[in-house]
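There's a structure below that I have some questions on.
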Amino acid sequence: MEKIKSLADLKKKREELQSSLQLREQGENNENLIRVKVAMATCGIASGAKQVMEIIMNEAKKRNIPVEVTQTGCMSYCYAEPTVEVTKPGQEPVVFGYVTPLKAEELVEKYLAGNEMLPGVIPINYEKVEL
Amino acid sequence: MENNKKQLRIALRNCGFINPENIEDYIAHSGYAALASVLETNDPQATIDVIKKSGLRGRGGGGFPTGLKWEIASKNHADQKYVVCNADEGDPGAFMDRSILEGDPHSILEAMAINGFCIGASKGLIYIRAEYPLAIERLLIAIKQAEEAGLLGRNIFGLGFNFDIELRYGAGAFVCGEETALIHSMEGDRGEPTFKPPFPAQSGYLGKPTNVNNVETFANIPVIILKGWEWFASIGTEKSKGTKVFALAGKIDNVGLIEVPMGITLREVIYEIGGGIKDDRKFKAVQTGGPSGGCLTEKFLDTPIDYDNLIDAGSMMGSGGMIVMDEDDCMVSVAKFYLDFTVEESCGKCSPCRIGNKRLYEILDKITEGKGTMEDLDHLKNLSKVIKDTALCGLGQTSPNPVLSTIENFWGEYVYHVVDKKCPAGQCKALKSYIINPDLCIGCTACARACPVGAIKGEKKMPHEINQANCIKCGACVEKCKFNAISIK
C-alpha cells in the first residue's frame with residue numbers, strides 16, 4: 001500500500017476501499033461471486049479451520065463456483081467452531097457453525113452450489129456499533 | 001434494543017468481520033480515522049477530557065478510570081514517556097484479549113498511538129505472553145503494514161507526531177499482569193510487583209512516566225473518539241459505562257465470547273445468551289474475576305452486572321472470565337482449584353502470599369480429603385483476612401477471595417464436608433463411597449473384573465460387595481455395571 005501522508009489521503013483511501021467493498025457486496029463486478037469468511041483465530045484453527053478453508057477453496061474450484069475465501073478473527077462462537085460465514089450476492093450473510101472438514105464439502109455442495117440450507121446456522125444475536 | 005439482541009459489540013466490532021492481516025480492511029471500516037481526528041484537533045487535553053467524560057474504566061479488572069490515568073501520565077513531565085499495552089492475559093478460562101489481538105490488531109495500534117499523542121509519548125510497547133504465537137504474528141504484520149502506510153512511525157499524517165510500537169514477550173507469569181511487575185519484566189528484571197506509589201504514571205518503564213492499559217480498554221478508544229463520549233456514556237450503568245467482553249465458559253450450552261452492555265443481569269447472560277445450563281441441570285454459581293474473584297449465587301441472578309455491584313456481591317469484574325457451575329460442582333474444590341493456581345503463580349516476594357496461600361491450600365486439601373475440622377474452617381477465615389490485609393500486591397490481596405466468597409455463600413457445603421464427611425456434589429474423591437445395591441446386583445462379575453485393585457468380591461450370580469478400605473474410587477465399576485446397581489454415596 002502506498003504511504004498515507006495526510007488526513008485527506010486517509011479519507012480518500014477509505015472511500016476508495018469502501019466503494020470497492022460495496023461494489024463487491026452488490027456484486028456489480030461479478031454478480032456470482034460468493035464471499036466466504038472462515039474464523040481463523042487460535043480457537044478456530046485448533047478445531048480445523050485451516051483444513052476447512054482449503055476444502056472450501058478446492059471444492060469450489062472443482063465445481064467452478066466463483067468464491068472469495070478470506071480469513072477473519074474469532075467470530076466468538078466457541079461452542080460451534082469451526083465457524084464459516086457465507087455471503088451470496090444480494091443476500092444477507094449466513095453464519096454456519098460446526099463446519100468440520102467433513103461438513104465443509106457438504107457446505108460447498110449444498111449451499112454454495114445449490115441453495116439448500118444446512119443445519120448449524122447460528123442466529124445473529126448481537127448489535128454492532130456502526131462507525 | 002430488540003429483545004433477542006442482548007449483545008452490543010464495541011470492542012469486538014471488527015472481530016470475525018475483517019481480515020486481521022490486511023490493513024485495508026481495517027481502514028475501510030473507519031480504521032485510523034480516530035487517530036486522524038485526534039491529531040487534527042491537536043489538543044491532547046481535549047481528547048483526554050473526552051475519554052474522562054465517556055466514563056471508560058480499565059477493562060483489565062481494576063476498573064480505574066482510564067481518562068484520569070491518561071491525565072496523570074500527561075501531567076508528569078519527562079523527556080521520554082511510554083504507552084504500554086497489557087496483553088498478559090492470564091486468568092484461567094479467559095481469552096478476550098487474545099481474540100481482539102488476533103481479530104483486530106490495528107485497533108490496538110491505533111488506540112496506543114492516540115494514547116501516545118495525549119500523554120506525550122512517542123514509544124509504545126505491547127507486553128504479550130509468548131503463549132499467544134498467532135496474536136504475536138498478526139500484531140507484527142499489523143505493525144509492519146501500519147509503518148509502511150505511514151500510520152505509525154515518523155510524522156504521521158504529516159502532522160509532526162512520531163509513534164513507534166514494539167513487542168515485549170512475557171513468559172506467561174500470572175503476576176506480570178500487575179502493572180509494576182509487568183514493567184519490571186519488560187526491563188529484564190524479575191517479574192515482581194513493587195509497592196505503589198510511585199505509580200507507573202510517575203515512574204514506570206525505565207523510570208519514565210508510563211501509561212499501562214489493557215487490550216480491551218484500548219479497543220474501546222477509537223470508537224469513543226468517533227462516536228463521541230455522550231454516545232458511550234449512554235450505555236451501561238451510572239458508574240460503569242459501555243460494554244464488557246466476557247469469556248463465557250463452564251456448564252453452559254453456548255460457550256463463547258460475548259460482549260454485553262454493563263448493567264445486564266446474570267440471568268440474561270446465562271439463560272438468554274448462553275442458552276442455559278448444560279443438560280438442564282440446576283444452576284449453582286458463577287465465578288467471575290478469575291483467581292481474584294468470587295462466586296455469585298442464585299440470589300445475584302438479577303443483579304445488574306457492573307464494577308461496583310460485583311464487588312458488593314463479594315466478587316469482582318476481573319478481566320472477564322465467567323465460569324458457570326451447576327449442582328455437580330463442589331465449591332470447596334473450586335476454591336481449592338483457584339488456590340492451587342495462586343500458589344503456582346505467587347512470585348514469592350512477600351510471605352503472606354508465598355506462605356499464607358500455601359497454608360490455605362493445605363487446609364482446603366485437608367477438607368476435601370475428609371480430614372477437616374471446624375477449627376480448620378475458622379483458620380481458613382482468619383488466614384484469608386490476614387493475607388488480604390498484608391499481601392504486597394493485587395495478586396496476594398485478592399487471592400483469598402475464592403475462599404471467602406465460597407465460605408460466605410456455601411458455608412453449609414463446607415460444614416457438610418467437615419462434619420458429615422460428605423461432598424454433596426460428589427466431586428471429592430475421598431468423600432465418595434461406591435455401594436452395590438444387593439437388590440439390583442445379579443452377580444455378573446463385570447464390576448469385579450473391571451476393578452483395578454480387586455476391591456470387589458462376591459460369588460457368581462450372587463450380589464457383590466465393595467471393600468471400602470481398598471476402594472480407590474476410580475468409578476470403573478459404575479461404568480461396567482449394566483444394571484445400575486452401583487451408586488455413589
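Letters A, B, ... mirror the listed sequences (proteins, then strands); counts begin at 1.
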For atom CD of A/Glu92, decide whether the heavy atoms of other residues, nucleotides or ligands shown that lie under 6.0 angstrom number more than 12. no

Among A/Glu85, A/Met40, A/Glu81, single out the residue with the greatest number of heavy-atom pairs under 4.5 Å to chain B. A/Met40

Nearest non-hydrogen partners of A/Ser76 and B/Arg9, listed with the distance: OG-NH2, 2.8 Å

Donor-acceptor pairs under 3.5 Å, side chain of residues 91-103 of chain B to any protein atom, not counting sequence neighbours: which ones?
unit_1: B/Asp91; atom_1: OD2; unit_2: B/Ser319; atom_2: OG; d: 3.2
unit_1: B/Asp97; atom_1: OD2; unit_2: B/Asn214; atom_2: ND2; d: 3.0
unit_1: B/Glu102; atom_1: OE1; unit_2: A/Thr42; atom_2: N; d: 2.8
unit_1: B/Glu102; atom_1: OE1; unit_2: A/Thr42; atom_2: OG1; d: 3.4
unit_1: B/Glu102; atom_1: OE2; unit_2: A/Thr42; atom_2: OG1; d: 2.4

Under 4.5 Å, counting heavy-atom pairs only, tell me which of A/Ile45, A/Thr72, A/Val95 racks up the most with chain B. A/Thr72

Verdict with reasoning, A/Leu7 to B/Leu39, per side chain to side chain contact (heavy atoms under 4.5 Å, CB included): CA-CA 9 Å; A/Leu7 300 172; B/Leu39 294 185; 5.6 Å; no

Take atom CG in A/Asn115; do more than 12 heavy atoms of anything else shown fall under 6.0 Å from it? yes

For A/Lys50, does the NZ atom have more than 12 heavy-atom neighbours from other residues, nucleotides or ligands under 6.0 Å away? no

Between A/Ala41 and chain B, with a heavy-atom cut-off of 4.5 Å, which part of the residue counts as in contact: side chain, backbone, both or neither? both

Are B/Ile27 and A/Ile4 side-chain neighbours, meaning at least one heavy-atom pair lies under 4.5 Å? yes

Ranking B/Glu40, B/His29, B/Arg138 by heavy-atom pairs under 4.5 Å to chain A gives rank one to B/Arg138

Assess the residue pair A/Asn125 and B/Lys6 against the criterion (side chain to side chain contact (heavy atoms under 4.5 Å, CB included)); give the C-alpha distance rounded to whole Å, side-chain angles, the decisive distance to 0.1 Å, and a yes or no. CA-CA 7 Å; A/Asn125 62 350; B/Lys6 298 273 180 191; over 6 Å; no

Working to the nearest 0.5 Å, report the span between CZ of A/Arg14 and OG of B/Ser30. 5.0 Å

If I measure from the heavy atoms of chain A, does B/Ala247 come under 4.5 Å with its side chain, its backbone, both, or neither? neither

Between B/Ala36 and A/Leu10, the two heavy atoms sitting closest are CB-CD2, 3.7 Å

Closest non-hydrogen atom pair between B/Gly16 and A/Lys37, with its separation: O-CD, 4.2 Å

Between A/Glu16 and chain B, with a heavy-atom cut-off of 4.5 Å, which part of the residue counts as in contact: side chain, backbone, both or neither? neither

Measure the spacing between OH of A/Tyr126 and CD1 of B/Ile258 and express it to the nearest 0.5 Å. 14.0 Å

Only pairs under 3.5 Å count here: list side-chain donor-acceptor contacts from residues 150-161 of chain B, not counting sequence neighbours, and write none if there are none.
unit_1: B/Asn155; atom_1: OD1; unit_2: B/Leu159; atom_2: N; d: 3.3
unit_1: B/Asn155; atom_1: OD1; unit_2: B/Gly160; atom_2: N; d: 2.6

Assert top hit (heavy-atom pairs under 4.5 Å, partner chain B, pool A/Gln71, A/Lys5, A/Lys11) equals A/Gln71

Is there a salt bridge (charged side-chain N to carboxylate O under 4.0 Å, His left out) between A/Lys13 and B/Glu24? Walk through the geometry before answering. CA-CA 9 Å; A/Lys13 184 85 194 164; B/Glu24 295 192 343; 3.4 Å; yes

What one should report as the nearest heavy-atom pair of B/Val223 and A/Leu131 is CG1-CD2, 4.0 Å

At a 4.5 Å cut-off on heavy atoms, which part of B/Glu259 comes close to chain A: side chain, backbone, both, or neither? neither

Atom CG of B/Asn254 and atom SG of A/Cys78: how far apart are they, to the nearest 0.5 Å? 10.5 Å

Taking the six-membered ring of B/Phe17, is NZ or CZ of A/Lys128 closer than 6.0 Å to its centre and within 45° of its axis? yes

